[in-house]
Amino acid sequence: GQNIDQPTEMTATEGAIVQINCTYQTSGFNGLFWYQQHAGEAPTFLSYNVLDGLEEKGRFSSFLSRSKGYSYLLLKELQMKDSASYLCAVRDWETDKLIFGTGTRLQVFP
Amino acid sequence: GAGVSQSPSNKVTEKGKDVELRCDPISGHTALYWYRQRLGQGLEFLIYFQGNSAPDKSGLPSDRFSAERTGESVSTLTIQRTQQEDSAVYLCASSLAGGAGYGYTFGSGTRLTVV
């Protein structure tokens, strides 16, 4: 089975940097995804990590350590529009199923 | 199509009625997923279709829930004898086989309200 943990809520200030952590336990790992979901909208794909290390995409970066079962999403130069829920999801090796954490709701204040 | 299309976008139904939700995946995407999201909560896996393999139904919460998919096209999720706890947004996602690094593309969801 799989278990995915992330903080429920976080707050940050416009222009700042915020790190959203995700820890997971899985019987078979085949990649970790981060999604952004604005209130009332569908989740949108942000990043994918399958090997250890940091993947950078503009203001957003995602890190993975498979040995520690740990990932984080780093958001730089925060903007008000970054206020959203951020979902961590792990894909199971055997079933190819994507299992989501409960999401972290980020509020960015001016 | 260009994206994953779900219909209806909103559905209000009376307790005890049956409902059918539809998902049109991206053309060529062999994998299709249904998730449920209750207000303020995360995504709960319901069912997964991959090509011609038997679907993974391990997430369906009760036998009132069923889903079908014809080949690699449209899928329908049916909820029989709806209950108030079925009220949620039902999201469909599709991906290429294995999803690789491209992620899963979600539809806008069907907001189901059981009154």
Side-chain angles (χ1 to χ4, degrees), chain A residues 1-9 20 22 24 26-51 53 55-57 60 62 64 73 84-107, chain B residues 2-7 9-10 21 23-26 29-51 53-60 88-113:
Chain A
Q2 289 170 321
N3 189 41
I4 302 170
D5 288 310
Q6 44 182 140
T8 306
E9 289 192 4
I20 304 174
C22 172
Y24 64 90
T26 179
S27 52
F29 175 83
N30 191 23
L32 186 143
F33 295 78
W34 283 95
Y35 279 81
Q36 180 190 59
Q37 186 178 29
H38 285 99
E41 297 182 14
T44 55
F45 171 74
L46 284 180
S47 68
Y48 168 71
N49 295 70
V50 68
L51 299 177
E55 294 281 342
E56 296 187 76
K57 257 191 199 179
F60 292 5
S62 57
L64 175 68
L73 180 70
S85 286
Y86 291 86
L87 310 174
C88 173
V90 172
R91 187 167 67 205
D92 182 86
W93 173 261
E94 274 188 289
T95 66
D96 221 28
K97 207 159 59 181
L98 198 59
I99 303 299
F100 284 81
T102 54
T104 299
R105 189 163 68 176
L106 173 68
Q107 287 185 285
Chain B
V4 178
S5 177
Q6 290 189 246
S7 61
S9 54
N10 278 286
L21 313 180
C23 173
D24 277 284
I26 292 173
H29 279 194
T30 57
L32 186 148
Y33 303 77
W34 283 98
Y35 289 87
R36 177 169 71 178
Q37 188 173 34
R38 292 196 167 107
L39 187 63
Q41 300 193 15
L43 274 66
E44 177 187 358
F45 168 78
L46 296 178
I47 187 167
Y48 163 44
F49 296 91
Q50 172 60 282
S53 303
D56 179 344
K57 303 179 181 181
S58 60
L60 294 178
V89 175
Y90 289 82
L91 291 163
C92 174
S94 71
S95 76
L96 295 167
Y102 305 105
Y104 301 76
T105 303
F106 282 85
S108 299
T110 294
R111 183 177 298 277
L112 176 66
T113 304

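Naming convention: chains lettered A, B, ... in sequence-line order (proteins, then strands); numbering from 1 in each chain.
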- prompt: Atom OH in A:Tyr24, atom CD in A:Gln6: separation rounded to 0.5 Å?
  reply: 13.5 Å
query: Is chain A contacted by the side chain of B:Ser58, its backbone, both, or neither, given a heavy-atom distance below 4.5 Å?
result: side chain
- prompt: Using non-hydrogen atoms only, which part of A:Leu87 is less than 4.5 Å away from chain B: side chain, backbone, both, or neither?
  reply: side chain
query: In terms of heavy-atom proximity below 4.5 Å to chain A, should B:Gln37 be classed as side chain, backbone, both, or neither?
result: side chain
task: Check whether any side-chain heavy atom of A:Ile4 sits under 4.5 Å from a side-chain heavy atom of A:Ile99, and report yes or no.
output: yes
query: Heavy atoms, side chains only, cut-off 4.5 Å: are A:Gln37 and B:Leu43 in contact?
result: yes
task: Look only at the side chain of A:Thr104 and the backbone of A:Pro7, and say whether a donor-acceptor pair between them is shorter than 3.5 Å.
output: yes
statement: Pair count under 4.5 Å, heavy atoms only, with chain B: among A:Pro43, A:Ala39, A:Gly40, A:Ala42, highest is A:Pro43
